[in-house]
Novice: 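Questions regarding the structure given below will be posed in turn.
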Amino acid sequence: MLDVRKIAKDYSTRGGTIAVLEDCTFQLQPGESLAVVGPSGSGKSTLLNILGTLEPPTSGTFELDGVSPLGLGENESAAFRRNRIGFIFQDHHLLPQCGALENVLIPFLADGAVSESQKSYAGELLRRFGLGDRLDHRPGELSGGERQRVAIARALVRRPGLILADEPTGNLDRTTAGTIAELFQTLLDHSKENGIMLILVTHDRELASRMHFVRELDRGILREPQERTP
Ligand code: ADP
Ligand code: MG
């Protein structure tokens with residue numbers, strides 16, 4: 001499970017210290033999903049970066065499956081991140097010279113050789129996300145939505161316990177909205193079936209409503225969304 005307690009984050013700037021996060025506290029059980037909403041600048045990416053061990057909180061703690069990554073050395077922290085967390089960003093950084101299957105296998109390259117079972121799992125994921133007939137297509141030969149599918153398969157290929165997705169639909173145009181909903185439904189189903197926890201930052205209310213929980217970042221505090229009168 002993921003157990004997040006009183007995470008806070010301040011940044012020091014020339015203009016003084018700004019408190020971006022004051023209290024983020026929540027728990028997720030395996031297979032559960034959380035949508036994080038909130039206006040631009042409310043600290044959504046900061047929270048994801050902290051949970052992804054890309055930057056430390058100012059205070060607070062969290063544990064993923066019984067392990068607290070805070071206080072690990074640089075190498076251990078990198079191993080924790082590589083083995084337990086999958087990232088899906090808006091800008092997915094696929095390697096342009098590599099085909100879809102090769103791109104999904106990138107997380108294994110740090111270990112050296114890729115095994116046959118890893119290769120077949122990568123192919124299975126691409127098939128699950130509807131790219132079974134695109135395994136050798138390079139990113140430039142795929143649509144935006146298809147590239148996003150490759151990035152999702154890549155995030156899943158090491159069987160992480162936690163997936164962090166930061167506005168993954170932000171760059172995709174509205175005409176593909178229907179297939180995007182379908183794509184994230186597939187990700188949700190896959191996560192539920194495999195006990196993966198999913199945290200997704202999104203402005204898409206319909207997508208957020210498909211998740212187990214929706215929380216809003218409001219002046220540094222992660223809370224139940226307030227109904228607003230229009
Ligand atoms: P969101 O993802 O919700 O749009 P961010 O987490 O990116 O918000 O940023 C939250 C606030 O923290 C913003 O006001 C931003 O300017 C500030 N911020 C983010 N990173 C830094 C940094 N490295 N140094 C100083 N301020 C930062
Ligand atoms: Mg952001």
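Order of appearance sets the numbers: ligands from 1, and atoms from 1 within every ligand.
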Novice: Hey, are Arg149 and Glu146 close enough for a salt bridge, meaning a charged N less than 4.0 Å from a carboxylate O?
Specialist: no

Novice: With the threshold set at 4.0 Å, does a side-chain nitrogen-carboxylate oxygen contact exist between Glu216 and Arg223?
Specialist: no

Novice: Could you check whether Glu224 pairs with Arg215 (Lys NZ or Arg NE/NH1/NH2 to Asp/Glu carboxylate O, under 4.0 Å)?
Specialist: yes

Novice: Checking the N or O distance criterion of under 3.5 Å, is ligand 1 in contact with Gly41?
Specialist: yes

Novice: May I ask you to identify the nearest protein heavy atom to atom 19 (C) of ligand 1, giving residue, atom name and distance to one decimal place in Å?
Specialist: Tyr11 CE1, 3.5 Å

Novice: Taking only non-hydrogen atoms of Pro39, do any sit less than 4.0 angstrom from ligand 1?
Specialist: yes

Novice: Does Glu55 pair with Lys9 as a salt bridge, N-O distance under 4.0 Å?
Specialist: yes

Novice: Is Glu193 salt-bridged to Arg128, cutoff N-O under 4.0 Å?
Specialist: yes

Novice: Any heavy atom of Ser42 sitting closer than 4.0 Å to ligand 1?
Specialist: yes

Novice: Going by heavy atoms in the side chains, are Arg147 and Leu94 under 4.5 Å from each other?
Specialist: yes

Novice: Would you say atom 6 (O) of ligand 1 touches the protein, meaning some protein heavy atom is under 4.0 Å from it?
Specialist: yes

Novice: Ignoring hydrogens and angles, tell me if any N or O in the side chain of Asn103 forms a donor-acceptor pair with the backbone of Leu95 under 3.5 Å.
Specialist: yes

Novice: Given the protein's heavy atoms, is any one of them under 4.0 Å from atom 11 (C) of ligand 1?
Specialist: yes

Novice: Assess whether a salt bridge exists between Arg158 and Asp111, defined as any Lys/Arg side-chain N lying under 4.0 Å from an Asp/Glu carboxylate O.
Specialist: yes

Novice: To the nearest 0.1 Å, how far is atom 8 (O) of ligand 1 from its closest protein heavy atom, and which atom is that?
Specialist: Gly43 N, 3.2 Å

Novice: Evaluate Thr13 for polar contact with ligand 1, using N/O atom pairs at a separation under 3.5 Å.
Specialist: no

Novice: So for ligand 1, is Val20 a polar contact partner (N or O within less than 3.5 Å, distance only)?
Specialist: no

Novice: Can you tell which part of Thr46 has a heavy atom less than 4.0 Å from ligand 1: side chain, backbone, both or neither?
Specialist: both

Novice: Which option, Lys44, Arg14, Glu55, Lys9, owns the non-hydrogen atom nearest atom 3 (O) of ligand 1?
Specialist: Lys44

Novice: Please walk me through it: do Glu116 and Lys119 pass salt bridge (charged side-chain N to carboxylate O under 4.0 Å, His left out)?
Specialist: CA-CA 5 Å; Glu116 281 309 311; Lys119 242 183 239 174; 3.8 Å; yes

Novice: Does Ser45 bring an N, O or S atom to within less than 2.8 Å of the Mg ion (ligand 2)?
Specialist: yes

Novice: Only heavy atoms count here, so choose which of Ser45, Gly220, Ala19, Gly38 is nearest to atom 2 (O) of ligand 1.
Specialist: Ser45

